[in-house]
Amino acid sequence: SEEQLYAEALERAHEMMHKGTGCIEIKSGYGLNTADELKMLRVIRRLKESLPVRIVSTFLGAHAVGRGYSQTEYVDKVVNEMIPEVGRQQLADYIDVFCDKGFFTPEETARILEAGAKWGMQPKIHADELASSGDVVVGVEHKALSVDHLERMADEQLETLRGSRTMPTALPGTSFFLNMPFAPARRMIDAGLGVAVASDYNPGSTPSGDMKFVVSLACIKMRLLPEEALNAATLNAAYAMGLSEEY
């Protein structure tokens with residue numbers, strides 16, 4: 001229920017606060033139908049109002065294809081029903097799409113991001129987690145604030161990101177828990193890019209919101225220097241959440 005979601009999220013948020021986190025991005029994306037996506041976004045709004053940390057909300061209706069729909073039908077539902085309702089109720093700051101092999105194509109992602117932009121939702125995308133397939137390009141073309149994951153990012157995408165406003169965001173906890181490759185953050189920094197790191201705290205892959213653990217993994221597994229890892233978790237993460245003016 002909405003009340004259960006709020007109570008459980010509140011407990012997790014307090015745990016993250018006690019470990020030092022001051023800004024949290026929370027995404028929807030596990031409902032995959034209009035009613036449940038809106039329910040999660042209402043819970044996020046309530047958390048915004050009741051916690052001293054800064055929270056931004058992201059609509060991730062395009063996390064997977066909802067049960068009972070073809071992919072085309074579901075994209076139509078996200079664009080024509082979910083996004084307008086989220087926009088009318090002003091429930092999301094950002095819009096995200098799982099643009100990857102087996103999920104949503106770059107063309108579908110572009111359509112969803114453009115629909116969200118009409119309602120004032122700034123783009124972010126999941127990119128290059130399972131395969132490198134043009135995901136970063138569509139993010140940069142649509143001025144996404146961040147492209148998140150990047151475990152399978154090819155070196156040629158470094159040039160795509162150079163000079164853009166899009167922050168590459170690595171999620172080392174995902175790699176740790178799913179035994180996947182780590183995002184090439186060292187190569188990104190050596191190529192002159194900024195890099196952010198985040199927890200990806202979610203029930204599908206990463207059962208930890210501990211940013212101290214994330215910073216440690218960034219140093220140990222991604223070969224960042226401590227100063228680089230701290231910048232990635234603070235200054236650059238604030239940029240990736242649109243909060244640089246304040247945090």
Side-chain angles (χ1 to χ4, degrees), residues 1-2 5-6 9 23-49 54-130 133-149 164-167 169 198 200 202-204 240-243:
S1 71
E2 198 161 321
L5 285 177
Y6 173 74
C23 302
I24 305 171
E25 178 193 4
I26 310 178
K27 303 180 193 283
S28 69
Y30 281 88
L32 306 184
N33 62 62
T34 304
D36 286 336
E37 291 293 313
L38 292 172
K39 177 172 69 173
M40 282 184 281
L41 291 166
R42 287 194 300 270
V43 169
I44 297 169
R45 181 168 62 188
R46 188 172 167 191
L47 292 165
K48 285 184 181 186
E49 294 168 350
R54 182 64 178 271
I55 293 173
V56 299
S57 56
T58 299
F59 169 58
L60 180 55
H63 193 196
V65 175
R67 290 189 182 94
Y69 296 96
S70 70
Q71 183 139 336
T72 300
E73 289 171 339
Y74 189 71
V75 171
D76 286 344
K77 189 174 186 68
V78 170
V79 169
N80 298 324
E81 182 178 309
M82 293 188 192
I83 288 173
E85 196 55 44
V86 172
R88 277 191 286 269
Q89 296 188 38
Q90 298 182 316
L91 288 171
D93 305 299
Y94 299 102
I95 186 164
D96 193 351
V97 180
F98 196 157
C99 180
D100 214 324
K101 181 180 180 181
F103 287 86
F104 296 94
T105 67
E107 294 76 19
E108 291 166 337
T109 298
R111 184 183 170 206
I112 293 166
L113 295 181
E114 288 162 9
K118 291 176 183 176
W119 288 94
M121 294 175 236
Q122 198 167 354
K124 289 169 163 279
I125 63 169
H126 286 52
D128 288 357
E129 179 182 2
L130 307 175
S133 52
D135 320 346
V136 170
V137 174
V138 73
V140 170
E141 286 177 347
H142 286 80
K143 297 181 171 56
L145 193 54
S146 67
V147 286
D148 308 341
H149 275 287
S164 76
R165 58 162 294 173
T166 301
M167 177 66 71
T169 303
D200 197 29
N202 80 94
M241 296 170 69
L243 301 177

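When reading the values below, keep in mind they use all heavy atoms of this one structure, side chains included, and skip hydrogens, waters and symmetry mates. Residues: numbered from 1 along the sequence shown.
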**OP:** Test Ser57 against every option in Lys48, Gln90, Arg45 by the side-chain hydrogen bond (donor to acceptor under 3.5 Å, both in side chains) rule and name the one that passes.
**Re:** Lys48
**OP:** Quick one: which residue pairs count as a salt bridge (charged side-chain N to carboxylate O under 4.0 Å, His left out) with a foot in residues 112-128, not counting sequence neighbours?
**Re:** Glu25-Lys124
**OP:** Not counting sequence neighbours, which residues clear ring pair (Phe, Tyr, Trp, His ring centres under 6.0 Å) with Tyr74? List them please.
**Re:** Tyr69
Subject >> Heavy-atom side-chain proximity of Leu38 to Leu91 below 4.5 angstrom >> reply: yes
**OP:** Identify the heavy atoms of Ala115 and Val79 that sit nearest to each other, and give their distance.
**Re:** CB-CG1, 3.9 Å
Original post:
Out of curiosity, Leu145 CG to Asp96 CG, how far, rounded to the nearest 0.5 Å?
Top reply: 11.0 Å
Subject >> Arg111 vs Asp76 side-chain heavy atoms within contact, under 4.5 Å >> reply: yes
**OP:** Check for a donor-acceptor pair, side chain of Tyr94 on one end and backbone N or O of Met241 on the other, with a separation under 3.5 Å.
**Re:** yes
Subject >> Test item: Pro106 and Val137 side chains (from C-beta on) under 4.5 Å apart, heavy atoms >> reply: no
Subject >> Any residue meeting side-chain hydrogen bond (donor to acceptor under 3.5 Å, both in side chains) with His149, in chain and number order, not counting sequence neighbours >> reply: Glu129, Glu151
Original post:
Does a salt bridge link Lys27 with Asp200, judged by any charged N lying under 4.0 Å from a carboxylate O?
Top reply: no
Original post:
In terms of side-chain geometry, is the basic nitrogen of Arg88 or Glu85 positioned less than 4.0 Å from the acidic oxygen of its partner?
Top reply: yes
Original post:
Do Glu37 and Val86 have side chains that get closer than 4.5 Å, going by heavy atoms?
Top reply: no
Original post:
Can you check whether Leu32 reaches Val65 side chain to side chain, under 4.5 Å on heavy atoms?
Top reply: no
**OP:** Heavy atoms only: give me the nearest Asp135-Cys99 pair and the separation to one decimal.
**Re:** OD2-O, 2.9 Å
Original post:
With a 4.5 Å limit on heavy-atom distance, are the side chains of Tyr30 and Leu60 in contact?
Top reply: no
**OP:** Applying side-chain contact (heavy atoms from CB on, under 4.5 Å) between Ile125 and each of Thr109, Ile95, Asp100, report the one that passes.
**Re:** Thr109
